[in-house]
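Quick notes on the structure that follows.
What you are looking at is a predicted structure, and each value in this text was computed from that prediction instead of being measured. Counting convention: from 1, in listed order, for ligands and their atoms alike.
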Amino acid sequence: MCGIVGAVANRDITPVLIDGLKRLEYRGYDSAGLAVIGSAHELDLRRSVGRVANLEKISNNVNGHLGVAHTRWATHGKPAENNAHPHTSSHQVAVVHNGIIENHHELRTQQKALGFPFRSETDTEVIVHQIDWHMQQGHDLLNAVKATVCELHGAYGLGVVSKHEPGVLIAARSGSPLLIGFGDNENFIASDMSALIPVSQKYTVLEDGDIAKITVNSVNIFDAQGKEVERKVNISTLSDDETELEGYAHFMKKEIHEQTRAITETLEGRLGSDSVLELPFGDSAREIFDRTKELKIIACGTSYYSASVARYWFEEFGIKCDVEIASEYRYRKHVVNDGTLFMTISQSGETLDTMAALEMAKTLGYSNTLCVCNVPESSLVRASDLTIFTHAGREIGVASTKAFTTQLVTLLMIAICLRRRMLGDGREVDTLEKDVVKELRSLPQQIENVLDLEEDIISMSKHFGNKENALFLGRGAHFPIAMEGALKLKEISYIHAEAYAAGELKHGPLALIDEDMPVVAVAPNDELLEKLKSNLEEVRARGGKLFVFADVESGLESDAETMVLNVAPVNNYIAPILYVVPLQLLAYHVALIKGTDIDKPRNLAKSVTVE
Ligand code: M6R
């Protein structure tokens, strides 16, 4: 969501801040700003609405050795220059903040009474005034921040500088990720290590309650009790290679096409000749799987849809599985049966709702916590008993594509491992497992074949350019695939799209059908095909236009009212992973026609670290 970068060095740090913000831009981006302490110990503040490029234009004469910077995704207050971070107080202190301060109204009232003027509608401004006030009471910057965070309710990742301490950068976190990157006689902070790729490989993740005092050659970290602590130093494996477009017009298109390679990586080392191996999932995987009698899966957005597909696999294999949206799970009571494994699924590993659900689950008696995640150095990974990585590689487009298909591949492998336990110990690998393994191996090639349909999908997309609504239909495990297709279309083309289990049509949505409502259907050749065909006839009979992705063997053919694109026959378990790919391409090409900002759709951010 919002991004933080900060630096203290013996060189001019403005280019480091701007470069770091550009690297974080995919996370949140309605405005950006920086505050730099110059050689005359003056605080230079620059802020602008829109892209970091706008900020760069107005910052070319800013120089200094200490500063903080921020890209904002609006929560409190509209995207506007006065709401952009950093926020300052008396032009002495500057603060960048990720998270939400829940008691900001109360603090604002107190501070107004003390005479602090308010220039923004943000919750953040109360933080900087509070720090300023504590400094006015005689505290140095570190102690003023310590005193302030004790008065905050809510979540924060903070970067703080003051012109009175021109060599000191303060970082603090509670509930919002923040890390310190170490350089050579220079140090940095960031909300995400990718911001620091060119300047730092060594880093430390701050823990909740930590406050750090950072200078060019020292880093002192204090925990929530004020005790000085050592935190683990990690070496980052991130590199610039993954952040290049490599000739593609958009990251989304690149990431759709990368799915063959990404899935190969997901499978790497995890398949035996005809079975799924468990050891590569980690030392504790076997023990955790042994304890698992049922599953509770929590996720958001696209990750929720991958969980929803996986539910069909788990239950078909005899494993009870309940799937729920994280933001709902957090706010209700739960009954937890013995042996229930709590699983989270997340591309970023930073989604606040999912993280909060995990924290709550840990108090409820689940047997273990397992996270299926793409980002190794993330909060969910750190908080879970076991993580099984999807190895999708960096995903930059806000609309998830390769993260989704690699999640599905990972979940199918987990389902196979749990199925063995349901069938009993000591069994030979059976035909079903052998078939699934064979199909998983062939999946990258099968995806390649679907990607070859792109020209036909481009022709199909032309029928959507002037539409305002679209309906997506699927049955069984392809119902969540239809939901994912609808989510992709609405996210990046801004066309209102809804998905229905096809059998539900007659219970209401059929009333929407006319020639202006394109209906997209996912029609693999499975046991529900005949039922789905009847549902499609219901659409045709009402003058609806159908766009169908079907198995060559499903017997569906194009005519004046129906456009059918054929996908090669595929095993039922693998089919959902394959059928989502044309839906991703369809959304992409419709968005291209609409001329939207495909990688950074309006109002959305890649990693949702606020509630
Ligand atoms: O990083 P996560 O997988 O936890 O993110 C969950 C959702 O925010 C995410 O999938 C979102 O729905 C995407 N924009 C979908 O394309």
Side-chain angles (χ1 to χ4, degrees), residues 1-2 26-29 73 177 191-192 194 250-253 255-256 259 262 297-310 323-330 343-359 370-384 387-408 410-411 472 480-494 497 499 580-581 583-588 591 596-611:
M1 193 125 267
C2 304
Y26 75 99
R27 296 185 56 162
Y29 33 74
W73 186 85
S191 48
D192 178 331
S194 60
H250 297 95
F251 281 106
M252 183 181 180
K253 178 142 190 215
E255 286 154 7
I256 291 173
Q259 289 178 109
I297 315 184
I298 298 297
C300 304
T302 287
S303 298
Y304 169 73
Y305 295 139
S306 71
S308 307
V309 172
V323 174
E324 192 169 347
I325 294 166
S327 54
E328 287 298 314
Y329 175 85
R330 293 176 63 178
M343 193 191 296
T344 55
I345 304 179
S346 175
Q347 186 288 128
S348 61
E350 299 294 353
T351 302
L352 187 132
D353 284 321
T354 312
M355 185 66 200
L358 170 62
E359 291 303 346
L370 164 64
C371 177
V372 170
C373 191
N374 189 37
V375 180
E377 291 140 21
S378 61
S379 305
L380 277 166
V381 170
R382 287 193 294 274
S384 303
T387 299
I388 300 187
F389 289 105
T390 54
H391 298 311
R394 184 121 187 259
E395 191 180 66
I396 291 180
V398 162
S400 246
T401 52
K402 61 177 182 169
F404 180 69
T405 45
T406 53
Q407 282 170 356
L408 288 177
T410 309
L411 289 163
F472 284 68
I481 292 299
M483 292 198 268
E484 172 62 5
L487 178 66
K488 289 290 89 91
L489 189 70
K490 76 180 93 163
E491 274 188 298
I492 59 166
S493 75
Y494 313 152
V580 75
V581 178
L583 301 184
Q584 297 167 344
L585 282 172
L586 179 64
Y588 175 79
T596 57
D597 192 348
I598 292 180
D599 284 334
K600 298 173 176 135
R602 68 184 182 201
N603 306 337
L604 298 180
K606 182 66 186 161
S607 167
V608 185
T609 51
V610 290
E611 188 168 1

Original post:
Does Val398 reach ligand 1 with a nitrogen or oxygen that is under 3.5 Å from one of the ligand's nitrogen or oxygen atoms?
Top reply: yes

From the list Ile297, Ile388, Thr410, side chain to side chain contact (heavy atoms under 4.5 Å, CB included) with Ile345 holds only for Ile297

protein heavy-atom neighbour closest to atom 8 (O) of ligand 1 works out as Val608 CG2, 3.9 Å

the protein heavy atom lying closest to atom 1 (O) of ligand 1 turns out to be Ser348 OG, 2.7 Å

Check: Does a donor on one side chain sit under 3.5 Å from an acceptor on the other, for Glu350 and Ser379?
Finding: yes

Evaluation steps, side-chain contact (heavy atoms from CB on, under 4.5 Å), between Phe251 and Val398:
CA-CA 9 Å; Phe251 281 106; Val398 162; over 6 Å; no

Only residue of Val381, Thr406, Val372, Asn374 satisfying side chain to side chain contact (heavy atoms under 4.5 Å, CB included) with Phe389 is Val381

The side chain to side chain contact (heavy atoms under 4.5 Å, CB included) partner of Ile492 among Lys600, Met252, Gln584, Arg602 is Met252

Contact region, Lys606 to ligand 1, non-hydrogen atoms below 4.0 Å, reads neither

Ligand 1 atoms nearer than 4.0 angstrom to some heavy atom of Ser400 are 15 (C), 16 (O)

Closest heavy-atom pair, Gly349 versus Ser378, reported as atoms and distance to 0.1 Å, is CA-OG, 3.5 Å

Correct closest heavy-atom pair for Thr387 and Cys373 would be CG2-CB, 4.0 Å

(Q) Geometry only, no angles: is Ser303 polar-contacting ligand 1 at N/O separations under 3.5 Å? (A) yes

Decide salt bridge (charged side-chain N to carboxylate O under 4.0 Å, His left out) for Arg394 and Glu255; before the verdict, give the C-alpha distance in whole Å, the side-chain angles of both, and the deciding distance to 0.1 Å. CA-CA 9 Å; Arg394 184 121 187 259; Glu255 286 154 7; over 6 Å; no

Check: of Ala403, Gly301, Gly349, min heavy-atom distance to atom 12 (O) of ligand 1 comes from Gly301

Nearest non-hydrogen protein atom to atom 6 (C) of ligand 1, with distance, is Cys300 O, 3.3 Å

Correct closest heavy-atom pair for Ala392 and Lys402 would be O-NZ, 3.0 Å

The closest protein heavy-atom partner of atom 13 (C) of ligand 1 is Glu491 OE2, 3.5 Å

Quick note on ligand 1: atoms under 4.0 Å from a heavy atom of Ser346 include exactly 1 (O), 2 (P), 3 (O), 4 (O)

Original post:
For Gln347 and ligand 1, does the shortest N/O to N/O distance drop below 3.5 Å?
Top reply: yes

For Thr302, the atoms of ligand 1 under 4.0 Å from one of its heavy atoms are 10 (O), 12 (O), 15 (C), 16 (O)

Is Glu395 reaching over with its side chain to a backbone N or O of Thr401, donor-acceptor style, under 3.5 angstrom? yes

For Ala399, the atoms of ligand 1 under 4.0 Å from one of its heavy atoms are 16 (O)

Quick look: Lys488 vs ligand 1, heavy-atom contacts under 4.0 Å, and the answer is side chain

Heavy-atom proximity to atom 2 (P) of ligand 1 ranks first, among Leu352, Val375, Thr351, for Thr351

